[in-house]
Amino acid sequence: MQVSRLGNLLENFLTADQAKQIHCQILVNNLHNLEPLLVRQILKCAAHYSARTTHYVRLILRRMRNRDAFSAACTIRYLSQHGHFRDALALYSESHASGIFPTTFAVSSALKSCTRVLYETGGLMIHGQSQKLGFCEVVFVQTALLAFYSKMGDMVVARKVFDEIRERNVVSWNSLLGGYVKCGDLTMAQSVFNEMPEKDVVSWNSMVSGYARGQDMEQAYELFRRMPERSSASWNAMVTGYIECGKMELAQSFFDAMPERNSVSYITMISAYSACGNVEFAKELYDQHVEKDLLLHNAMISCYAQNNRAKEALLLLDELLKPNARFQPDKITLSSAISACSQLGNSEYGALIESYMREMEIGMDDHLTTSFIDLYSKCGNIDKAHELFNGLQKRDLVAYTAMILGYSINGRAKEAINLFDEMIDSGIVPNMLTFTGILTAYSHVGLVEEGHHCFISMQRHGLVPTQDHYSIMVDLLGKSGQLEEAYELIKNMPTRPHAGVWGALLLACSLHSNVELAEIAASNCFELEPDSGGYHSLLAGIYASAGRWEDADRLRRAVGEKGLVKIPGSSWMN
């Protein structure tokens, strides 16, 4: 009787509370055979992805007396369908380790997840399992394998899998076509496109996207114009193509002309305006879209974080953390939020994010770890940052750079230099930010020759030093007493120095009481930043140290009166 009643309930829509009540009855009445149906129904009734839902389902799976392939497959498929590919793969591996034989649905969902996260080793292993289990003749497994090899760029194997598919459909053809497009082989892609017995909108979109990605917008537009039907993806491909060509006006015009925009349309434009630093336009687009999803929230939070509007980024995150929020933050959301915390130097909010991750069992991947390294470094907790860095599975350029900068700004120059050497020995090529960190470290310990060698090596790595790099080098040379060399470096700069460069020289002149160069540096600082009284005060101090009291008093009065001072005969090219 109880089994029949609960079975009927499990055929209806369930809220989270109802599911928990039914689960309680299942456990109390020892009806564990109903747990697979409960799992299926919970996932079926979850209209939108919820971290809390999957957390609860995985708790059920772990505590099942008799774990079954059906429940695992449903959950793996749900996670894969909602974009949580690494979680899907983790559950697939966990199920396999517990002795559960996967179903064809679990295999195809796991392959899809490998495809989306570019997990080549995992996909190869699953292919091997599929052969042993006899799944390689199942059409949707074959299609998943074809998509996997196409995405990996192994078109030889992809073509072999395609040729072995007896019942090819438009999905199979599209996977092959998409593989050639991804590899940039538009000649083969066009050949497959022409050969296809049936083309759908995805086929046309692949070709439009391929030409747009190759910045051949004339050919992309020609195909777009000929399309028998268009989807939002068709319009999005054109918008993306024009954005990548730097033609924002054309991108905006296509966006405005779209008969129906989806979330991707808005995210594409928001990301483009974010890259341009136009946060207001991005916010306007965000506000326009009524049906906001997590990806749109992520795009806007990222936009705020990337454009130094950290408080607004965290305010938007707060909305997602409310109990009645439709979506819960994912790793992408949290990574942008941690970046915002770093800008504010707010380690307390970072600790709240860590607590949330533990509560929701969100794993700390290398990307998130690197974000926390940056946060703790900027908040002065360099030991915690070092601990996280040592725990990384793979140390990439971003991780090394974050740690080198962390050591540098926390006065641990020797560790920064050692880490930079380790990075170079590992074959990782430094970027502009890495050089900012290492040059700062050399400046802190006064290693002039090493710093200059490092500065010169930027060109060998294909990098052109920025004004900030010149500022650090002027500071390094100046503090060691090589003022003339610092001045010569400034005069030989390819672009006119900003106030930071001259300010570094002025500060060095104050350390070594060089009035002549101080006047040249100060004159340029006054011109570039006329409203800053700090340069006047610094030069006044230099005058005072040299016994030029009248000049010192005159400058100090000018600061009080907010007047401008012109030092005769001074020019940045003197």
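Here, residue 1 is the first one in the sequence, and each next residue gets the next number. Atom set for the values below is all heavy atoms of this structure, side chains included, hydrogens, waters and symmetry mates excluded. Computed from a predicted structure; not experimentally measured.
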If you measure only the distance, is there a donor-acceptor pair under 3.5 Å linking the side chains of [X] and [Y]?
| X | Y | value |
| --- | --- | --- |
| S274 | Q306 | yes |
| Q252 | D256 | yes |
| E249 | Y242 | no |
| T436 | D468 | no |
| S265 | N262 | yes |
| H386 | N390 | yes |
| D366 | T369 | no |
| N236 | T268 | no |
| N492 | Y470 | no |

With respect to T440, which candidate in I409, L476, I472 satisfies the side chain to side chain contact (heavy atoms under 4.5 Å, CB included) definition? I472
Quick check: does any side chain N or O of [X] sit under 3.5 Å from a backbone N or O of [Y], one acting as donor and the other as acceptor?
| X | Y | value |
| --- | --- | --- |
| S426 | I428 | no |
| H367 | S335 | no |
| Q467 | H498 | yes |
| N524 | I520 | yes |
| T401 | V398 | no |
| E120 | M152 | no |
| H84 | S80 | no |
| N410 | S377 | yes |
| R261 | F255 | yes |
| S408 | I404 | yes |

Taking the six-membered ring for Trp and the single ring otherwise, decide whether the centroids of F389 and Y407 are under 6.0 Å apart. no
Decide, yes or no, whether a salt bridge links [X] with [Y] under the criterion of side-chain N to carboxylate O below 4.0 Å.
| X | Y | result |
| --- | --- | --- |
| K414 | E450 | no |
| K283 | E312 | no |
| E280 | R309 | yes |

Lys/Arg cation over aromatic Y286: K292, 6.0 Å, 45° cone: yes
Candidate pair L314 and L344, rule side chain to side chain contact (heavy atoms under 4.5 Å, CB included), full reasoning: CA-CA 10 Å; L314 295 181; L344 296 172; 3.7 Å; yes
So, for G363 and L368, which heavy atoms are closest and what is the spacing to 0.1 Å? O-CD1, 3.8 Å
Are [X] and [Y] side-chain neighbours, meaning at least one heavy-atom pair lies under 4.5 Å?
| X | Y | value |
| --- | --- | --- |
| L89 | C114 | yes |
| C509 | L505 | yes |
| F372 | K384 | no |
| I338 | D374 | no |
| N381 | S347 | no |
| L528 | W502 | yes |
| Y304 | M300 | yes |
| I542 | L506 | yes |

Yes or no on side-chain hydrogen bond (donor to acceptor under 3.5 Å, both in side chains) for Y349 and D318, after CA distance, side-chain angles and deciding distance? CA-CA 11 Å; Y349 203 112; D318 285 339; 2.5 Å; yes
What pairs with [X] under side chain to side chain donor-acceptor pair (under 3.5 Å), at least two apart in sequence or on another chain?
| X | answer |
| --- | --- |
| H452 | none |
| Y119 | none |
| E387 | none |
| T333 | N298, D330 |

Using 0.5 Å steps for rounding, measure from the [atom1] atom of [X] to the [atom2] atom of [Y].
| X | Y | atom1 | atom2 | value |
| --- | --- | --- | --- | --- |
| I270 | S302 | CD1 | OG | 10.5 Å |
| L375 | C341 | CG | SG | 6.0 Å |
| Y400 | F420 | OH | CZ | 12.0 Å |
| M423 | D421 | CE | CG | 9.5 Å |
| T370 | D396 | OG1 | CG | 5.5 Å |
| N308 | Q343 | CG | CD | 4.5 Å |

Does atom [atom1] ([X]) have a neighbourhood of more than 12 heavy atoms from anything else shown, all under 6.0 Å?
| X | atom1 | result |
| --- | --- | --- |
| H461 | NE2 | yes |
| Q288 | CD | yes |
| R412 | CZ | yes |

Assess whether side chain to side chain contact (heavy atoms under 4.5 Å, CB included) is satisfied between L320 and L294, documenting all intermediate values. CA-CA 9 Å; L320 295 178; L294 180 59; 4.0 Å; yes
Could you walk me through whether F526 and Y535 satisfy the ring pair (Phe, Tyr, Trp, His ring centres under 6.0 Å) test, starting with their C-alpha distance in whole Å, then the side-chain angles of each, then the deciding distance to 0.1 Å, before giving a yes or no? CA-CA 7 Å; F526 297 165; Y535 302 123; 7.1 Å; no
Under the salt bridge (Lys or Arg N to Asp or Glu O under 4.0 Å) rule, collect the residues that match up with D365, sequence neighbours excluded. K331
Ring pair (Phe, Tyr, Trp, His ring centres under 6.0 Å) filter on H289, not counting sequence neighbours, yields Y266
Between I243 and M248, does a side chain to side chain contact (heavy atoms under 4.5 Å, CB included) hold up when you go through it step by step? CA-CA 6 Å; I243 288 171; M248 278 301 295; 3.9 Å; yes
Using 30° and 60° as the class boundaries, would you call the ring planes of H469 and F435 parallel, tilted or perpendicular? perpendicular
Given side chain to side chain contact (heavy atoms under 4.5 Å, CB included), test V264 with S232 step by step and report yes or no. CA-CA 9 Å; V264 175; S232 296; over 6 Å; no
